[in-house]
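Down below is the structure, laid out as structure tokens.
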Protein chains: 2
Amino acid sequence: MGRSEHDPEPDKGGSPTFSPSAELPPLSAEDLAALHRLGEQWQVSDAVRALPVDPQADELRPTAGGAPAGAAPLFLPDRAGQLTATAAAERRDTPEGRAAGWVRRLLLGRPLSSASTLRERMPKVVALPVLASDLLSSVAYGPEAMLVILALAGSGALGLSLPIAAALVLLMLAVGISYRQTVHAYPHGAGSYLVASDSLGPRAGLAAAAGLILDYVLTVAVSVTAGVAAITSALPSLAPFSIPMALAVIGLLLTGNLRGIRVAGNIFAAPTYFFLIAVVGLIAVGLVQAAARGFTPTAPPATPAVEGLGLLVVMRAFASGATSMTGIEAVSNAVPVFRPVEWRNARTVLTWMVGILIFLFIGLTLLFHLNGLAPRSNETLLSQLAHVTFPHGPWYWIIQVATALVLLLAANTAFNDLPRLLYFMARDSYVPRRFLHIGDRLALSNGLILLAVAAAVILVAFGGQTHSLIPLYAVGVFLAFTLSQTGMINHWRRHRGPGWRRRAIINGVGATLSAVVLVTAAVTKFAAGAWVVVLAVPLLIYLSLRVRRHYDRVRHALSLDTTTSPDRPSGEGSIEEQTPAVVPRQIRHLFVVPVARLNQATMRTLAYVGSLGQPTLALHISPEREEADNFRSQWATWGGHIPLETIQSPHRVIIQPLAEYVSALRLRHSDLTITVVVPDVVVEHPWQRVLHYRTEQRLRRALRRHPGIIIANVPTHLSV
Amino acid sequence: MGRSEHDPEPDKGGSPTFSPSAELPPLSAEDLAALHRLGEQWQVSDAVRALPVDPQADELRPTAGGAPAGAAPLFLPDRAGQLTATAAAERRDTPEGRAAGWVRRLLLGRPLSSASTLRERMPKVVALPVLASDLLSSVAYGPEAMLVILALAGSGALGLSLPIAAALVLLMLAVGISYRQTVHAYPHGAGSYLVASDSLGPRAGLAAAAGLILDYVLTVAVSVTAGVAAITSALPSLAPFSIPMALAVIGLLLTGNLRGIRVAGNIFAAPTYFFLIAVVGLIAVGLVQAAARGFTPTAPPATPAVEGLGLLVVMRAFASGATSMTGIEAVSNAVPVFRPVEWRNARTVLTWMVGILIFLFIGLTLLFHLNGLAPRSNETLLSQLAHVTFPHGPWYWIIQVATALVLLLAANTAFNDLPRLLYFMARDSYVPRRFLHIGDRLALSNGLILLAVAAAVILVAFGGQTHSLIPLYAVGVFLAFTLSQTGMINHWRRHRGPGWRRRAIINGVGATLSAVVLVTAAVTKFAAGAWVVVLAVPLLIYLSLRVRRHYDRVRHALSLDTTTSPDRPSGEGSIEEQTPAVVPRQIRHLFVVPVARLNQATMRTLAYVGSLGQPTLALHISPEREEADNFRSQWATWGGHIPLETIQSPHRVIIQPLAEYVSALRLRHSDLTITVVVPDVVVEHPWQRVLHYRTEQRLRRALRRHPGIIIANVPTHLSV
């Protein structure tokens, strides 16, 4: 199972990075052998191969009657003679279809072909802001969270911030170096899910994934709300619209990300750099001022202690300060979007990010201490520091605006990472397969949409009061950190490459410190909401395992290789009835045509079935004896070319007796393949549908659960 | 066109009363001739007639695996050898299906067969309360409405109530005698819609129908609200639940009526008789007391005039008093539910109803006058009279309870009449055909459900404040009265039977008085809401005509008789493409099988198509060149028994290129009938559906608008 640089192939789909072919994995050798055996039993008449059309005729042009003669072709052959769909073949050629396509292009841009995958990568200067906005925004509240806990033990305890910050820097270094090692060891995707799955087993991987999924969804809801709150506190007249504004921001993030990686990078890079420059400037000026005072700390305003200063308070402060690190994992899932050599570029960006984080974290903590700042309920520490450092001029406001922007953009990191996590999980069959689908802009659209919808639902459900959710997601993140780094210890032990002990020790330190944060956060915040995470993680693991079991059973059941499956659980994953059979000559047909009235639609259906030359039975459901007699006499007038059975339904029910008759026939003759061919009148406008019984749809629904019954509709289109 | 007792056949469906066969009218002579000609061109191979099953095998028993060996048969042959569905064939034989059936039986009773139609009729003593509750409840507010208008001209004007009441009695007599004549002249249904359609043309009929539809829907909403208000004013703690209670009453009325005519009669007869006895008792005691005073009227309390006493006030008082008559039309639509001889029994009940109405109306108006009662805002006149007449004992409360009950039940008259009106309109193709369907309890279920839903929507939309709707529906009712009686004048003029002049004069008086009420109500209440009716009636007429035009065009388009249609408008009512053809030998087949992966489901689908021996093309949509090459090589491993075309979709879109390819093929080869056969994996539990692409459904939707393309699914059922 071990995968490292010596075995750089963590995925089963055959492609090292995100591949559109992941949805269609190749067959196993056993399946291919079974396929070959099956083919040898096949015999079909020559008529089957005698196509009445040239399937590659290049005149395949748009189908709408109004299309001009020179309309763009729908399909073009490539050099090898294979047809390729053009953009014209991808939209419905109706006015509504064209309008929908136009809106889509306007919002999302032209579709990108799979061949563009390589080009749709991020250079490092774009990857840094896209992946770092979550992490950097954390320093806007992380140090403060630590000081708030310490202040509970009185203003004297605030001095402890420096040693605790030192421990946190140690944790950041350990986690950072650990992730550097992980990115190198898992060069095709180094997220906690992949690492924990590979080295600790699938359940550990799913636990890490569950923690991260909760983290990402909550991050979007919380950071968008926080950003909007920053706007509405500057412009209070917008306050009544904060929920629509937050939804609009989510929509904007979704649209930007659906446009694809490069566009998302372009949109979201500038604000992060803006914030970075503003805060670095703040720290630089603050340090210069402090140097002018000889680095003498100002005493903070005296506040009484409400708790004794014990180990618990120190640990809680440590755990709270650790929220500065949420977002550090962003790079690890995103390795495949870097330009080649992916892992090397990813590692470089990770190093930058951790370096910047440590600089900002130390700088801010130090300046809070030197300036004697203490947490206040009505102003953030960052704002206090900006006020102290820049008493005059626009600088204070620039820092506030940059903070609001980066809080808004922290959500963007989740938009980058969650779809990738779901892609990897889908490749392992733990989430629905549609998360493998790469949208027409090369974005993992389904994951993006799921994230936006889930965050919007939480946001609306909490009425925009999402602050209480902040403690929750630290638990999820540190669960993932702990599992990932524990996994790395295992990894090194297994491979024992040069220097493995040193590396295992680094990961061991990271794992231990992460575990301390995890346990402290889960225990101290349990009643405040962490119990949700404690419940949700096992639930998500359970659901993922159910999904995996379903896919496994489907794969077993549909496998061509029916001979060698001694491990298939009996009764599980089976196909209900072995009909229709898998070779043509085993098939015995009966066609059934339900007929209510004799009209053009019915006659076309009967002609269609008659032309197939298979045994056919027409069925008429009649509410009354007289009507049945009348219908049989009409049938005789026509010539009775097809056997007719009339069934009286004395309670005037139509669909159910029809379905029960057909399925009862099928039950008595399980060797038969019954095809029900239904006349289907298709009207032009949707409103006209209420004027017609939708027999075809209702019959289809009634018969769907019965095996061995095929349903075909013969449409008669009316332009009335 | 003229239909009278000499031509007692107003319907086109061939059945004199409600017939379950109305949904399946017989073919015309031209259609039969065309059918015969068509049959002569047919040739099918003998294989088509060689059924591999006995279609009447009496062992057709329930299909569920768990059904006991001795389970009830699904179908039984009758003496003539025709199969008849048993109750077992009418429900889904699954646990949910059986549970749903059980609940249905509990609420609605066992299904009734069409043969019970004759027995499911109303005796006169049941018909009277069922049809009269609306009319009789009207006297609870009609006289008061008249006095309220007169009081505007001061208490002196209240004396005018007696001459105006005399004019109203004349109107009641005229309308009553007029309806007696109508019931006799149109013995199979004498509603305003039928009479006005027949004698004044379809638009007049639709105008009458539109008026009545509005009346019925508003009656339910208003009278249920009024009844619930009577309950909540007695028990104020229930007031917050008045909307749920009103919805529950509507649900109760719906359920009772869905149970069928007899049950509805049994439930709803008693309260109407209770009200009748209570009010007759009140009038009798009141008259005895008045006789004891020598019939000397007490002077009403003096009130100042706010308007001069002009013609307008008198006419408005007349129009308002005329609301006592709403509900008088109930019998006319209901003629077919009486026991034979239907029209005679209906006429008798009508006579009783009008007699009772006049007695109650005169009695109450006279006693109001004799006791010097004037309208008050906080107590109804009926309540005042009850207080004056029975100052002690429980009699006052009995009268109040009876009034509340009969107001609730007034809605029941609408439940009786609207479905019948819709049935007659559907037989003439003016409303969706499903209103012809007779439910399994012999009730016109769809009309009942429509009425309940429409009334519930109005009730909720107005938040239970439906009093403002009361003036609206008088306009609709008197529109129907006026048109119906004007129609009768025409009827007599055309037929000129014995005494036609006298009869025409009676109808003429009724029509004139009704028209006066109609115009007065529409003009004086226009701003108060009658404009809604003035707008809604033409809108309903327009919609009905659109529906009729659609059905006409569909009938033309689907008609077998294509040779003789010189009157068919070109381009209208045509079938878009003359394919598939109506005789088998004109059909050239191409089968197309979309294949994503090779597995059991696909192989079954290919085997199914292969066994039909028709030209077949397999299609594979591939996101990438490599995947396409890979798939073709798998196909070759199988043996390539069916021609394969792979199409690259560089933007990873699947459904649309598939649909466009097939429809482009069809456009190039319009002589082809293309059948798309889709492998369809059917999972056991609904939640599992999200785990699978629903290719079959999505492809069906994309191809539905293209003519000449048939879609079949080959299901593979998985029990996983």
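Chain letters run A, B, ... following the sequence lines, proteins first, then strands; residues in each count from 1.
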So which part of [X] gets closer than 4.5 Å to some heavy atom of chain A, the side chain, the backbone, both or neither?
| X | answer |
| --- | --- |
| Arg704(B) | both |
| Arg585(B) | neither |
| Ala50(B) | backbone |
| Glu645(B) | side chain |
| His36(B) | both |
| Leu606(B) | both |
| Tyr551(B) | side chain |
| Thr84(B) | both |

So, do [X] and [Y] sit near enough that their side-chain heavy atoms are less than 4.5 Å apart?
| X | Y | result |
| --- | --- | --- |
| Leu672(A) | Leu665(A) | no |
| Arg597(A) | Pro25(B) | yes |
| His550(B) | Val547(B) | no |
| Trp638(B) | Thr602(B) | no |

[options]: which one forms the most heavy-atom pairs within less than 4.5 Å of chain A?
| options | value |
| --- | --- |
| Glu626(B), Arg434(B), Arg625(B), Gln43(B) | Arg434(B) |
| Ile654(B), Thr637(B), Ile642(B) | Thr637(B) |
| Ala596(B), Pro657(B), Pro432(B), Ala702(B) | Pro657(B) |

Exercise for the section: List the atom of Tyr693(A), the atom of His437(B), and the distance in Å for their closest heavy-atom pair. Expected result: OH-CB, 3.8 Å

Problem - Nearest heavy-atom neighbours spanning Leu24(B) and Pro623(A) - result: CD1-CD, 3.8 Å

Which one wins on heavy-atom pair count under 4.5 Å against chain B: [options]?
| options | answer |
| --- | --- |
| Leu617(A), Val681(A), Leu32(A), Ile438(A) | Ile438(A) |
| Ala659(A), Pro52(A), Ala33(A) | Pro52(A) |
| Val690(A), Val44(A), Leu51(A) | Leu51(A) |
| Ala628(A), Ser622(A), Gly610(A), Gly639(A) | Gly610(A) |
| Leu590(A), Leu619(A), Val653(A), Leu612(A) | Leu612(A) |
| Leu598(A), Thr646(A), Asn599(A), Val48(A) | Val48(A) |

Handout entry: Arg666(A) (side chain) donor-acceptor with Thr673(A) (main chain) under 3.5 angstrom
Key = no

Exercise for the section: Mark yes or no for whether Arg49(A), through its side chain, and His641(B), through its backbone, hold a donor-acceptor pair below 3.5 Å. Expected result: yes

Completion exercise
Rounded to the nearest 0.5 Å, the NE2 atom of His717(B) sits from the CD1 atom of Ile709(A) at a distance of 8.0 Å

Fill in the blank from the handout: Value for CG (Leu38(B)) from CG (Asp31(B)), rounded to nearest 0.5 Å, stands at 11.0 Å

Exercise for the section: Give the C-alpha distance, both sets of side-chain angles, the deciding distance and a yes or no for salt bridge (charged side-chain N to carboxylate O under 4.0 Å, His left out) between Arg555(B) and Asp552(B). Expected result: CA-CA 5 Å; Arg555(B) 203 172 48 243; Asp552(B) 280 350; 2.8 Å; yes

Practice task
Report, as yes or no, whether the 6.0 Å neighbourhood of atom CD on Glu40(B) holds more than 12 heavy atoms from other residues, nucleotides or ligands.
Solution key: yes

Handout entry: Toward chain B, the part of Asn713(A) with a non-hydrogen atom under 4.5 Å
Key = both

Practice task
Give, as side chain, backbone, both or neither, the part of His669(A) having an atom under 4.5 angstrom from any heavy atom of chain B.
Solution key: side chain

